[in-house]
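Predicted model only: the values in this text are computed from it and were never measured.
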Amino acid sequence: MPDWSDDPWIEDHSSLSPAKLHALGVVTFRWNICEYWSRAVFSMVVDVPDPVADCLCHDLGDITLWTKILDIARAKNLSAGTTDTLQYAAKLYERNRINRNQFVHASGAMAGGGDGLKLIRVKGPKMESQPIADSLQDIRRVAEEIDALRAYLERTFIYVRSQRAGGTFPSPDKPSLPESVWSPPPQKLPKQKPPRQSSRG
């Protein structure tokens, strides 16, 4: 396997280390597969052919898509096991979506001490920058958690299909919810005004 650091093009276009950029690429690629399986689950819950499901959900955002999946599951009175599996899938998807977005929409800032470029979160009307957990281990962890989501969505699809056909395919094991790569800074409490002194002696 070639050494990435010896490739002049990679060296010229690597604000981050090649290893970090590769990990970010894995995050993005695996997320695309999770989006595919989300649409597949939608198709199975709605019980329409894939081309029809694509027409119904191609312009929906992730949050809206999963809200509709759960709403339709309840409206169709799907089994408690199916509904529980779908609810956990939605929660797991959302946790991973937030982590993925932190990396994909991150900006960069020079870190102190010669540590190079650091990924930061820039949000709000004041465009305040806040650090996110961006070590190579953090990015690879998120990539692995997204792959666990992919596996859960795939098994959820098979489980829902089995339930619809009267089969006995077991509900998928639930992976742990991911830890966030960013947490909001603690809010500063307003200073308490001293109690007013009574004018009575």
Side-chain angles (χ1 to χ4, degrees), residues 13 20-107 119 121-123 132 134 138-182:
H13 295 84
K20 276 191 178 182
L21 288 173
H22 175 269
L24 289 170
V26 173
V27 166
T28 300
F29 181 76
R30 287 181 173 176
W31 187 253
N32 293 341
I33 301 173
C34 290
E35 289 181 333
Y36 163 80
W37 281 111
S38 293
R39 293 191 298 270
V41 170
F42 176 86
S43 174
M44 191 57 57
V45 170
V46 178
D47 193 10
V48 295
D50 288 344
V52 177
D54 289 341
C55 291
L56 293 172
C57 70
H58 80 278
D59 57 349
L60 299 179
D62 294 335
I63 296 174
T64 302
L65 177 64
W66 276 99
T67 298
K68 287 190 176 295
I69 289 172
L70 297 179
D71 287 346
I72 292 169
R74 296 185 191 101
K76 297 181 75 170
N77 292 316
L78 298 185
S79 70
T82 300
T83 302
D84 178 69
T85 298
L86 292 170
Q87 286 175 336
Y88 194 80
K91 184 183 294 185
L92 187 65
Y93 189 96
E94 179 63 9
R95 288 284 189 93
N96 279 279
R97 183 189 71 83
I98 292 172
N99 277 349
R100 174 261 183 189
N101 284 355
Q102 296 296 345
F103 288 134
V104 171
H105 300 299
S107 297
L119 296 177
R121 179 181 189 269
V122 181
K123 291 286 186 181
I132 60 178
D134 71 337
D138 289 317
I139 302 172
R140 287 178 173 175
R141 171 181 64 83
V142 169
E144 294 296 333
E145 289 166 346
I146 290 175
D147 194 50
L149 168 66
R150 187 270 316 156
Y152 187 79
L153 294 176
E154 185 176 350
R155 293 184 186 112
T156 294
F157 171 85
I158 297 171
Y159 172 67
V160 174
R161 182 178 62 185
S162 174
Q163 290 285 297
R164 201 173 75 185
T168 58
F169 188 85
S171 60
D173 294 332
K174 297 175 179 177
S176 300
L177 294 174
E179 178 184 343
S180 176
V181 299
W182 173 82

S.K.: Test: side chain to side chain donor-acceptor pair (under 3.5 Å). Region: residues 49-66. Which pairs qualify, not counting sequence neighbours?
M.R.: Ser38-Trp66, Ser43-Asp50, Asp62-Tyr93

S.K.: To the closest 0.5 Å, what do you measure between NZ (Lys76) and OG1 (Thr82)?
M.R.: 11.0 Å

S.K.: Output, in order, the C-alpha distance, side-chain angles, deciding distance and verdict of side chain to side chain contact (heavy atoms under 4.5 Å, CB included) for Phe42 and Leu56.
M.R.: CA-CA 10 Å; Phe42 176 86; Leu56 293 172; 4.0 Å; yes

S.K.: Do the non-hydrogen side-chain atoms of Asp134 and Lys20 ever get within less than 4.5 Å of each other?
M.R.: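 Asp134 vs Lys20: side chains touch.
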
S.K.: Tell me whether Phe169 at atom CZ has more than 12 heavy atoms from other residues, nucleotides or ligands lying less than 6.0 Å away.
M.R.: yes

S.K.: Please list, chain by chain and in numerical order, all residues satisfying side-chain contact (heavy atoms from CB on, under 4.5 Å) with Ile98, sequence neighbours excluded.
M.R.: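 Once residues adjacent in sequence are excluded, the partners of Ile98 under the side-chain contact (heavy atoms from CB on, under 4.5 Å) criterion are Glu94, Gln102.
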
S.K.: Within a strict 4.5 Å, meaning less than it, do heavy atoms of the Leu153 and Ile33 side chains meet?
M.R.: no

S.K.: Do the non-hydrogen side-chain atoms of Ile132 and Phe103 ever get within less than 4.5 Å of each other?
M.R.: yes

S.K.: Identify every side-chain donor-acceptor pair in residues 68-75 under 3.5 Å, counting partners at least two apart or on other chains, and give the distances.
M.R.:
residue, atom, partner, partner atom, Å
Asp71, OD1, Arg74, NH1, 3.3

S.K.: Sequence neighbours left out, what pairs pass salt bridge (charged side-chain N to carboxylate O under 4.0 Å, His left out) with at least one residue falling in residues 34-49?
M.R.: Asp47-Arg164

S.K.: Going by ring pair (Phe, Tyr, Trp, His ring centres under 6.0 Å), name the pairs with one or both residues in residues 138-161, residues two or more places apart or in two chains.
M.R.: Trp37-Phe157, Tyr88-Tyr152

S.K.: Say you draw a straight line from OG of Ser171 to CZ of Arg155; how long is it, rounded to the nearest 0.5 Å?
M.R.: 11.5 Å

S.K.: side-chain contact (heavy atoms from CB on, under 4.5 Å) with Pro170: which residues, sequence neighbours excluded?
M.R.: none

S.K.: Please tell me if the side chains of Pro178 and Leu92 come closer than 4.5 Å, counting only heavy atoms from C-beta onward.
M.R.: yes

S.K.: Does Lys174 have any salt bridge (Lys or Arg N to Asp or Glu O under 4.0 Å) partners at least two apart in sequence or in another chain, and if so, which?
M.R.: Asp84

S.K.: Report yes or no: does Thr85 contribute a side-chain atom to a donor-acceptor pair with the main-chain N or O of Gly81 at less than 3.5 Å?
M.R.: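 Yes; at least one donor-acceptor contact below 3.5 Å.
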
S.K.: Can you name the nearest heavy-atom pair linking Ala89 to Leu149, along with the distance?
M.R.: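 Nearest pair, atom of Ala89 first, then Leu149: O-CD1, 4.5 Å.
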
S.K.: Which pairs would a plain distance check flag for residues 138-148, meaning a side-chain donor or acceptor within less than 3.5 Å of a matching protein atom at least two apart in sequence or in another chain?
M.R.:
residue, atom, partner, partner atom, Å
Asp138, OD2, Ser135, N, 3.2
Asp138, OD2, Ser135, OG, 2.8
Arg141, NH1, Glu145, OE1, 3.1
Arg141, NH1, Glu145, OE2, 2.9
Arg141, NH1, Glu179, O, 3.3
Asp147, OD1, Arg150, NE, 3.3
Asp147, OD1, Arg150, NH2, 3.2

